[in-house]
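Below, chain A is the first sequence line, B the second, and so on; all start at residue 1. Note that the structure is predicted; figures quoted are calculated from it, not measured.
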2 protein chains.
Amino acid sequence: MAAMKKERKGDAYSASCPARLVLDQIGDKWTVLILGVLVKQPTRFNELKRRLQGVSQKMLGQTLKKLERNGLVTRRAFATVPVTVEYAITPLGQTLAVSVEALRRWAEDNIREVTRAQASFDARPVASLQVNASSSDAGRGQ
Amino acid sequence: MAAMKKERKGDAYSASCPARLVLDQIGDKWTVLILGVLVKQPTRFNELKRRLQGVSQKMLGQTLKKLERNGLVTRRAFATVPVTVEYAITPLGQTLAVSVEALRRWAEDNIREVTRAQASFDARPVASLQVNASSSDAGRGQ
DNA sequence: CAGAATCCCAGCCGATACTG
DNA sequence: CAGTATCGGCTGGGATTCTG
């Protein structure tokens with residue numbers, strides 16, 4: 001019981017690092033957006049679906065369940081005529097949302113510079129790549 | 001494999017939000033770990049591979065190239081006998097690393113609470129679901 | 001040593017259909 | 001309204017092989 005899990009060599013880094021936990025949670029396509037809505041106010045399922053244009057029921061439900069399981073959002077069901085369910089962010093979820101917000105700010109502050117770097121990268125000659133190619137091919141780098 | 005730029009109406013939310021940019025960059029399996037190594041000191045390819053136990057050459061090279069393209073790391077090649085290549089984090093990359101570090105701290109600070117939430121979630125009765133009856137479950141009301 | 005190219009599987013995610 | 005279940009495409013990513 002007191003024994004700690006010794007990690008396998010292959011997955012060691014990932015599994016042992018708590019950072020994995022966060023990235024597995026927010027790394028997907030919708031979590032951050034959902035959090036972004038819920039941090040403002042509690043929201044019902046379909047309302048959420050409406051706000052996150054493009055999300056499927058499956059992914060919305062799946063992501064919400066994951067968030068709920070991790071204690072980041074709560075689910076409250078009301079026994080109204082057509083069932084009503086409201087999702088709300090938890091205090092724990094709010095603290096996460098803050099860190100995520102920092103990331104979003106970073107993106108907004110630096111998107112210009114990143115875009116510039118990309119353009120610069122894409123524009124360069126790709127030196128030291130096949131010089132005597134079989135066919136005359138300028139091979140545009142990815 | 002080829003990177004195609006294609007606008008789709010379904011991805012509008014994602015594409016328009018700069019937050020997507022960050023998550024697309026750090027949401028993968030290795031970026032954060034690579035950044036974690038490079039933020040301490042410049043590192044060669046195989047040294048990097050050694051530190052990130054479990055990464056494949058493909059993913060390491062791919063991820064490094066993406067980081068380089070986004071201006072987060074630099075690549076310097078030395079014309080030594082067996083070629084030597086050193087990767088280093090850029091100032092821009094360092095600012096990102098700071099935000100990522102915040103996320104990592106969040107994870108470390110809250111992993112206990114998340115784990116507890118998960119256990120609590122997994123232990124609850126799940127009303128109106130068929131019982132598989134493999135072993136008696138003490139339904140803890142929540 | 002550094003990296004590109006290929007094969008292939010697991011999982012994410014969307015579209016659709018069904019339930020309560 | 002609020003989900004769940006299933007099928008299928010796409011892609012992330014690991015193992016392997018080849019080059020300079």
**Asked** Separation of A:Arg76 atom CZ from D:dG3 atom C1', in whole Å?
**Response** 19 Å
**Message:** Is it the case that the side chain of A:Arg20 and the backbone of B:Lys29 share a donor-acceptor pair, with hydrogens and angles ignored and the cut-off at 3.5 Å?
**Reply:** yes
Exercise answer: donor-acceptor pairs, residues 56-67 of chain A side-chain atoms, under 3.5 Å, sequence neighbours excluded:
residue: A:Ser56; atom: OG; partner: A:Met59; partner atom: N; Å: 3.3
residue: A:Thr63; atom: OG1; partner: A:Met59; partner atom: O; Å: 2.6
residue: A:Lys66; atom: NZ; partner: A:Asp24; partner atom: O; Å: 3.0

**Prompt:** Whole-Å distance between D:dG12 C1' and A:Leu23 CG?
**Reply:** 15 Å
**Prompt:** Distance check: side-chain N/O of A:Arg44 vs OP1/OP2 of D:dC1, anything under 4.0 Å?
**Reply:** no
**Message:** For A:Thr115, give me all partners under side chain to side chain donor-acceptor pair (under 3.5 Å), at least two apart in sequence or on another chain.
**Reply:** none
**Request:** Taking the side chain as every heavy atom from C-beta outward, state whether A:Ile26 and A:Leu96 have any pair of such atoms under 4.5 Å apart.
**Result:** yes
**Item:** Charged N-O contact under 4.0 Å between A:Arg104 and A:Glu101
**Value:** yes
**Asked** What integer distance in Å separates A:Leu64:CG from D:dG3:P?
**Response** 8 Å
**Prompt:** Base, sugar-phosphate, or nothing for B:Lys49, non-hydrogen atoms under 4.0 angstrom?
**Reply:** nothing
**Fill in**
Ordered by number, residues from residues 78-87 of chain B within less than 4.0 Å of DNA chain C (heavy atoms) are B:Pro82, B:Val83, B:Val85, B:Tyr87
**Request:** Output yes when a side-chain donor or acceptor of B:Asp28 lies under 3.5 Å from a complementary backbone atom of B:Thr31, and no otherwise.
**Result:** yes
**Request:** Not counting sequence neighbours, which residues clear side chain to side chain donor-acceptor pair (under 3.5 Å) with B:Arg50? List them please.
**Result:** B:Glu47
**Request:** Starting from P on D:dG3, measure out to NZ on A:Lys65 and report it in whole angstrom.
**Result:** 9 Å
**Message:** What is the separation between atom CG on A:Leu52 and atom P on D:dA2, rounded to the nearest whole Å?
**Reply:** 14 Å
**Item:** Sidechain-backbone polar pair: A:Thr90 side chain, A:Gly71 backbone, donor-acceptor under 3.5 Å
**Value:** yes
Protein-nucleic acid N or O pairs under 3.5 Å, nucleotides 13-15 of chain D:
residue: D:dG13; atom: OP1; partner: B:Lys29; partner atom: N; Å: 3.2
residue: D:dG13; atom: N7; partner: B:Lys58; partner atom: NZ; Å: 2.8
residue: D:dG13; atom: O6; partner: B:Lys58; partner atom: NZ; Å: 3.2
residue: D:dG14; atom: OP1; partner: B:Lys29; partner atom: NZ; Å: 3.0
residue: D:dG14; atom: OP1; partner: B:Trp30; partner atom: NE1; Å: 3.4
residue: D:dG14; atom: OP2; partner: B:Trp30; partner atom: NE1; Å: 3.3
residue: D:dG14; atom: OP2; partner: B:Ser56; partner atom: OG; Å: 3.4
residue: D:dG14; atom: O6; partner: B:Lys58; partner atom: NZ; Å: 2.3

**Prompt:** Starting at CG of A:Leu60 and ending at C1' of D:dT4, how long is that distance when rounded to a whole Å?
**Reply:** 13 Å
**Fill in**
Taken in chain and number order and not counting sequence neighbours, the residues that satisfy side chain to side chain donor-acceptor pair (under 3.5 Å) with A:Thr95 are B:Trp106
